[in-house]
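In what follows, every chain begins at residue 1, and chains take the letters A, B, ... in the order their sequences are listed. Keep in mind that this is a model prediction, so the values were computed, not measured. Heavy-atom basis, side chains included; hydrogens, waters and symmetry copies ignored.
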Protein chains: 2
Amino acid sequence: MMLTKNSPAAACAPGTPAGIIADAEAQALAQSLKAIADPARLKLLSIISAQDRGEACVCDLTEPLGLGQPTVSHHLKILVEAGLLTREKRGTWAYYTVIPDALRVIVERVTAL
Amino acid sequence: MMLTKNSPAAACAPGTPAGIIADAEAQALAQSLKAIADPARLKLLSIISAQDRGEACVCDLTEPLGLGQPTVSHHLKILVEAGLLTREKRGTWAYYTVIPDALRVIVERVTAL
DNA sequence: TGGATACATCGACGCTTGTCAATATAGAGA
DNA sequence: TCTCTATATTGACAAGCGTCGATGTATCCA
């Protein structure tokens, strides 16, 4: 049941019974999941990580998604703010890369439910 | 549909390049993730699976969530329709149970991105 | 210097979502 | 039967989200 008083920073809120996810962690995990819970953003993650260099600029992404450039930029921003992508500006272009274990961390917190 | 040349049932749509998630699968996976991407529903999954019998009725859930009964019923319905919970009516009560590997299936599709 | 290109931001629009109060349904017990 | 209890459904509302067109910003090149 994990009554651990010594556990890592994970999930220990005042009134939360043992083994049940704390309010704050539920909130945080939900927000991470919301970042992925969109077809366009799933395709973005898939396309970028399938790229040869592991990176892609906006102009590579707008066409396979069938969305306008502002919309793609908007989705990329959400993924960056969720800690799933990095953005690197080189010249006129902005290159986006998938942060290796970011998805795995989210997935593990879900599995631990 | 199923234009599959030879690959497993996974992800092969007409115009979709190899290794990139198909439109339909992105749509489906996003919908599954939306079902989990809510603090109240994460807590529901956590609380129910932490129960002794592995099951809980609505009256057990409304108080630890701090939400009204109709709202809890609403969230439970979403989880049932997403294939994450089962509902069994016994007498006046409705008992909800977590479907064992439902979360794992979702998680694996995410990891395969 | 000026124009062209790649990207970000803004404002607006419809659609979805989370929540509640009120009401409906259905089973248990008198 | 009638009443009480547990749950589901409905209707309404505010807030959030996805999308677009228009505009702003920054970099490159002639």
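Without hydrogens or angle criteria, A:R41 side chain to A:A35 main chain gives a donor-acceptor distance under 3.5 Å. Of the possible polar contacts, none joining the A:T86 side chain to the A:V80 backbone as a donor-acceptor pair under 3.5 Å is found.
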Exercise for review: Take A:E88 and A:T97 through the test side-chain contact (heavy atoms from CB on, under 4.5 Å) and record every step on the way to the result.
Suggested key: CA-CA 8 Å; A:E88 185 196 354; A:T97 312; 5.6 Å; no
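Atom C1' of nucleotide D:dT5 and atom CG of B:D60 are separated by 15 Å, given to the nearest angstrom. Rounded to whole angstrom, the span from the NZ atom of B:K77 across to the P atom of C:dG18 amounts to 14 Å. Protein atom NZ of B:K43 is 16 Å distant from nucleotide atom P of C:dG18, rounded to whole Å. The CD-P distance, from B:E55 to D:dA6, rounds to 16 Å in whole Å. Straight-line distance from the CD atom of B:Q27 to the C1' atom of C:dT16: 13 Å, rounded to whole Å. Between the CD atom of A:E63 and the P atom of C:dC7 there is a distance of 14 Å, given to the nearest Å. A:Q31 places its CD atom 14 Å from the P atom of C:dG18, with the value rounded to the nearest Å.
Interface residues of residues 85-96 of chain B facing DNA chain C, ordered by number: B:G91, B:T92; criterion, heavy-atom separation under 4.0 Å.
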Practice item. Using a 4.0 Å cut-off on protein heavy atoms (strictly under), produce a 5'-to-3' string for nucleotides 13-25 of chain D with B for base contact, S for backbone-only sugar-phosphate contact, and - for none. Key: -----SBBBB---
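In this structure, A:I36 CD1 and B:S32 OG are separated by 12.5 Å, a value rounded to the nearest 0.5 Å.
Both A:L29 and A:I20 belong to a common hydrophobic cluster when Ile, Leu, Val, Met, Phe, Trp and Tyr are linked at side-chain heavy-atom distances under 4.5 angstrom. Under the 4.5 Å side-chain heavy-atom criterion for Ile, Leu, Val, Met, Phe, Trp and Tyr, B:I78 and B:Y96 are members of distinct hydrophobic clusters.
Taking B:S49 as the reference, B:V98 meet the side-chain contact (heavy atoms from CB on, under 4.5 Å) condition, with sequence neighbours excluded.
Surrounding CD of A:E108 are more than 12 heavy atoms belonging to other residues, nucleotides or ligands, all under 6.0 Å away.
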